[in-house]
Amino acid sequence: MEKYVEKIVEWLKQKLIDTGAKGFVVGVSGGIDSAVVANLIKLAAPEHSLGVLLPIYTKSEHMTDGIKVIETCGINSMTIDLTETHKVMYSHIKHQLDEKNEFNESSDQIAGANLRARLRMSALYTVATNYNYLVVGTDNAAEWYTGYFTKYGDGGVDIHPLVDFTKSEVREMAKYLNVPEEVITKAPSADLWEDQTDENEMGTTYDRIDAYLRGESVPKEDKQIIERLHKQSEHKRVGIPQFKRS
């Protein structure tokens, strides 16, 4: 992984030159992907990289892991607790829908979860504007291919350094970068609701998605799930549809 880390760090440095930005900011969740990105941007811009903890009803263990990541890589950091912001905003929206008798209970969980991701994105861009930093994404190849990210949430970033790397490769990169072992081995979770895990929500595993992306054989059921997720999420990976006058 040494050569990949070196190449990514050089790529990050070039992005600062290309854009005229001063540094980088990433949301640190306590998960492996954001941990790797925090280390990469620290290497690329040691004095101008920032990791932001953005708790929204976040479990204490995720916060603890996020703090360990920050302390281990030595990145500058801040915490912006958005729990009350989410509570007020979502309850107000829900109230207005209830007033019209049009609130869809079946969409409640995912709507609230997506609002969490989009509030975090808004906070990161506000901070980035203050420092003239670029917002750095944390999605890996498996998440990008299946669309396992929130449109205009964690998918709303300036640059993506990890989308060409499978989840297993990100794990190897994390080991090389000395990410805390408990972060590397924990079950991947976007922390969107109680006991939520990525693999339970997707219906398949990262190992099988990685294998599929490498062109290897995977069980038929998993192949169907992966291809369905890819097709359904195509709109997340392409630009906004625009009407063109003929």
Using modelled atom types only, decide if a donor and an acceptor are shared between the side chain of [X] and the backbone of [Y] within a distance under 3.5 Å.
{"X": "K22", "Y": "H48", "result": "no"}
{"X": "D98", "Y": "N101", "result": "no"}
{"X": "D108", "Y": "N104", "result": "no"}
{"X": "S233", "Y": "T146", "result": "yes"}
{"X": "E227", "Y": "Q224", "result": "no"}
{"X": "D33", "Y": "D139", "result": "no"}
{"X": "H230", "Y": "Y145", "result": "yes"}
{"X": "K13", "Y": "A44", "result": "no"}

Strictly by modelled atom types, are [X] and [Y] linked by a side-chain donor-acceptor pair under 3.5 Å?
{"X": "S34", "Y": "S29", "answer": "yes"}
{"X": "R118", "Y": "S122", "answer": "no"}
{"X": "E172", "Y": "Y4", "answer": "no"}

Atom pair [atom1]/[atom2] of [X] and [Y] - distance to nearest 0.5 Å:
{"X": "L134", "Y": "D18", "atom1": "CG", "atom2": "CG", "answer": "10.0 Å"}
{"X": "K100", "Y": "Q96", "atom1": "NZ", "atom2": "CD", "answer": "9.5 Å"}
{"X": "T85", "Y": "L115", "atom1": "OG1", "atom2": "CG", "answer": "9.5 Å"}
{"X": "I56", "Y": "L82", "atom1": "CD1", "atom2": "CG", "answer": "4.5 Å"}
{"X": "T166", "Y": "I209", "atom1": "OG1", "atom2": "CD1", "answer": "10.5 Å"}
{"X": "N76", "Y": "I70", "atom1": "CG", "atom2": "CD1", "answer": "9.0 Å"}

| said: Can you see whether Y212 has K223 sitting over its ring - NZ or CZ less than 6.0 Å from the centre and within 45° of the normal? | reply: no

| request: Taking atom CD of Q232 as the centre, report whether more than 12 heavy atoms of other residues, nucleotides or ligands fall under 6.0 Å from it. | output: yes

| Quick check: are there more than 12 heavy atoms from other residues, nucleotides or ligands sitting under 6.0 Å from CG of D81? |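 More than 12 heavy atoms, drawn from other residues, nucleotides or ligands, come within 6.0 Å of this atom.
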
Ion pair [X]/[Y], N-O distance below 4.0 Å:
{"X": "K7", "Y": "E10", "result": "no"}
{"X": "R237", "Y": "E234", "result": "yes"}
{"X": "D207", "Y": "R171", "result": "yes"}
{"X": "D158", "Y": "K15", "result": "no"}

Quick one: are [X] and [Y] in side-chain contact, heavy atoms under 4.5 Å?
{"X": "M121", "Y": "D154", "answer": "no"}
{"X": "W144", "Y": "F165", "answer": "no"}
{"X": "P161", "Y": "W11", "answer": "yes"}
{"X": "V135", "Y": "F24", "answer": "no"}
{"X": "M78", "Y": "V127", "answer": "yes"}
{"X": "I80", "Y": "L53", "answer": "no"}
{"X": "T72", "Y": "V179", "answer": "no"}
{"X": "K175", "Y": "M1", "answer": "no"}

| said: The test is ring pair (Phe, Tyr, Trp, His ring centres under 6.0 Å); show your working for F103 and H95 and say whether it passes. | reply: CA-CA 8 Å; F103 177 69; H95 174 73; over 10 Å; no

| message | Show, in sequence, the C-alpha distance, side-chain angles and deciding distance for K167 and D210, and conclude whether the salt bridge (charged side-chain N to carboxylate O under 4.0 Å, His left out) test is met. | response | CA-CA 7 Å; K167 189 74 169 183; D210 287 353; over 6 Å; no

| query | Of all residues at least two apart in sequence or in a different chain, which pass the salt bridge (charged side-chain N to carboxylate O under 4.0 Å, His left out) check with R214? | reply |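 With sequence neighbours excluded, R214 shows a salt bridge (charged side-chain N to carboxylate O under 4.0 Å, His left out) to E216, given in chain and number order.
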
| field | Member of E61, E181, H62 meeting the side chain to side chain donor-acceptor pair (under 3.5 Å) criterion with K186 | value |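 Among E61, E181, H62, the one that satisfies the side chain to side chain donor-acceptor pair (under 3.5 Å) with K186 is H62.
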
| note | Contacts satisfying ring-ring contact (aromatic ring centres under 6.0 Å, His included) that involve residues 110-131 (not counting sequence neighbours) are Y131-Y133

| Where L54 and G27 come nearest, the two heavy atoms and their spacing | CD1-CA, 4.3 Å

| said: When you group the ILVMFWY residues by side-chain heavy-atom contacts below 4.5 Å and let the links chain together, are F149 and L124 in the same group? | reply: no

| task | Just jot down the side-chain hydrogen bond (donor to acceptor under 3.5 Å, both in side chains) partners of E182, sequence neighbours excluded, or say none. | result | K68

